[in-house]
Amino acid sequence: MPAPMFQPQVQGFFDPVTCTVTYVVHEGAGSACAIIDPVLDYDPKSGRTHHTSADRVIDFVRQHQLQVVWILETHAHADHLSAAAYLKARLGGRTAIGAHITTVQKVFKKLLHLEPGLKVDGSQFDHLLQAGEAMAVGRVMGTVLSVPGHTPACVAYQFGDAVFVGDTLFMPDVGTARCDFPGGDAKALYASVQQLLSLPADTRLFMCHDYPPNDRPVAFQTTVAEQRAHNIHVHDGVTEAEFVAMRTQRDAGLEMPVLIWPAVQVNIRAGDMPPAEANGLSYLKIPVNAV
């Protein structure tokens, strides 16, 4: 007789400043859990960080007596800094990201002229995940899905009937991710979306962000069926050529995310700051007049 498939419970924490959702995936009180895409609060005007968002996650984990086994990133985010290092120090668990993070590290080390000692082998993370790799959160079994396009290192996480899609998809009335970052590829994103939308119709899809149009309430859970019927960029019937043309034109008019430069420098280091300099402070670089 096959073993039962345990479906995860999912708790989302929405950060209104970056419009990011952090998730805790678990089986119930006292069980193992995974934390996905945690946010480190950062004020770009003062250069100060704080931990309000991460502490909400810590409070939930402790209140429900959960044991953190994984702290997972769907990709190296450009719109928020990761709290992975902060959470690991307080809750334990292993940090992980898709294995192609090494490509992103190489690009941004060169682009930002980062310190020579910065390793570009992904060793800042405890584990680099391969496409199709299995992972366990207690009795909840998970699988890593490679979903490049927004960045070459994007992955999604499937735990039971729940899939955490990162920036690949947004809510149906918002559409899909941009593809104009280094290594982005609209054709690859179309293929990644089709992979996700080939899952069973009732599969729960959890977004990494929500940018509500028309003053609708924040929402970050949908289904494969809802995306296939209503996604404004990639509903059923939209061809690859149509999608690539739309995405290319749309991306050409988008501004860069406000936090892209500080975010990538922290996120390619698994949530750690750059090495402190002689005065004991860490510094984040901003390129001037970069091409």
Side-chain angles (χ1 to χ4, degrees), residues 6-44 46-77 79-97 124-127 135-140 142 156-167 171 204-212 217-222 259 262-263 266-267 269-273 282:
F6 291 93
Q7 304 295 4
Q9 296 183 34
V10 178
Q11 179 66 47
F13 298 86
F14 183 74
D15 170 39
V17 176
T18 64
C19 299
T20 303
V21 190
T22 299
Y23 294 102
V24 178
V25 182
H26 62 103
E27 192 184 326
S31 69
C33 75
I35 299 171
I36 302 176
D37 291 335
V39 173
L40 178 68
D41 302 300
Y42 173 73
D43 177 6
S46 67
R48 294 186 179 276
T49 62
H50 62 95
H51 305 106
T52 302
S53 295
D55 286 341
R56 291 171 62 204
V57 175
I58 291 173
D59 289 345
F60 178 85
V61 167
R62 290 177 173 166
Q63 179 183 353
H64 292 83
Q65 299 180 311
L66 303 175
Q67 296 86 48
V68 177
V69 293
W70 289 108
I71 301 173
L72 304 172
E73 303 284 3
T74 53
H75 61 295
H77 307 273
D79 40 32
H80 70 270
L81 281 63
S82 171
Y86 177 79
L87 291 175
K88 179 181 175 180
R90 284 150 185 81
L91 297 173
R94 302 174 69 198
T95 58
I97 198 168
Q124 296 85 352
F125 297 84
D126 295 316
H127 185 63
M135 57 173 52
V137 177
R139 293 179 293 176
V140 178
Y157 299 106
Q158 182 171 11
F159 291 101
D161 70 337
V163 180
F164 301 86
V165 302
D167 284 9
M171 293 298 288
R204 293 183 291 165
L205 302 179
F206 292 89
M207 313 295 106
C208 184
H209 301 283
D210 189 37
Y211 307 99
V218 169
F220 39 81
Q221 179 181 343
T222 181
L259 297 182
V266 170
N267 296 343
R269 305 172 199 265
D272 280 325
M273 293 292 165
S282 294

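Model, not experiment: these values are computed from the prediction.
- Between the side chain of Gln67 and the main chain of Gln65, a donor-acceptor pair closer than 3.5 Å is present.
- Under the 3.5 Å distance criterion, with hydrogens and angles disregarded, no donor-acceptor pair is assigned to the side chains of Thr18 and Asp79.
- To the nearest 0.5 Å, atoms CG (Asp126) and NZ (Lys88) are separated by 3.5 Å.
- Salt-bridge annotation for Arg48 and Asp43: absent, with no side-chain N of the basic residue lying under 4.0 Å from a carboxylate O of the acidic one.
- Taking all atoms of both residues into account, the shortest heavy-atom contact from Leu259 to Tyr42 is CD2-CD2, 3.8 Å.
- With hydrogens and angles ignored, the 3.5 Å screen pairs a side-chain donor or acceptor of Tyr157 with a backbone N or O of Glu73.
- Within the 4.5 Å cutoff, side-chain heavy atoms of Tyr86 are placed close to those of Ile58.
- Contact of the Asp167 side chain with the Thr74 side chain is not registered, since no non-hydrogen atoms from C-beta on lie closer than 4.5 Å.
- Atom OG1 of Thr22 and atom CZ of Phe164 lie 11.5 Å apart (nearest 0.5 Å).
- Although no hydrogens or angles enter the test, the distance criterion places no donor-acceptor pair under 3.5 Å between the side chain of His50 and the main chain of Asp41.
- Taking all atoms of both residues into account, the shortest heavy-atom contact from Gly12 to Val21 is CA-CG1, 4.1 Å.
- Although no hydrogens or angles enter the test, the distance criterion places no donor-acceptor pair under 3.5 Å between the side chain of Asp37 and the main chain of Cys208.
- Ala136 and Trp70 make their closest contact through O-NE1, 3.5 Å (heavy atoms, listed as atom of the first residue, atom of the second, distance).
- A distance of 13.5 Å separates OG1 of Thr20 from CE of Met207, quoted to the nearest 0.5 Å.
- Residues Val68 and Val61 are in side-chain contact: their nearest non-hydrogen atoms beyond the backbone lie under 4.5 Å apart.
- Closest of all the heavy-atom pairs between Met273 and Leu40 is CE-CD2, 3.9 Å.
- To the nearest 0.5 Å, atoms CZ (Arg56) and CZ (Phe14) are separated by 10.0 Å.
- One finds the CD1 atom of Ile97 at 8.0 Å from the OG atom of Ser82 (value rounded to the nearest 0.5 Å).
- Of all non-hydrogen atoms in Pro38 and Ile71, the two that sit nearest each other are CG-CG2, 4.1 Å.
- Test Phe220, Phe60, Tyr23, Phe206 against Phe13 for ring-ring contact (aromatic ring centres under 6.0 Å, His included) and you get one pass: Phe60.
- Side chain of Gln221 to backbone of Arg204: no donor-acceptor contact under 3.5 angstrom is found.
- Residues Pro8 and Val25 come closest through the heavy atom pair CB-CG1, 3.5 Å.
- Under a 3.5 Å cut-off, the side chain of Asn267 and the backbone N or O of His80 do form a donor-acceptor pair.
- To the nearest 0.5 angstrom, Met135 atom CE is 9.0 Å from Arg94 atom CZ.
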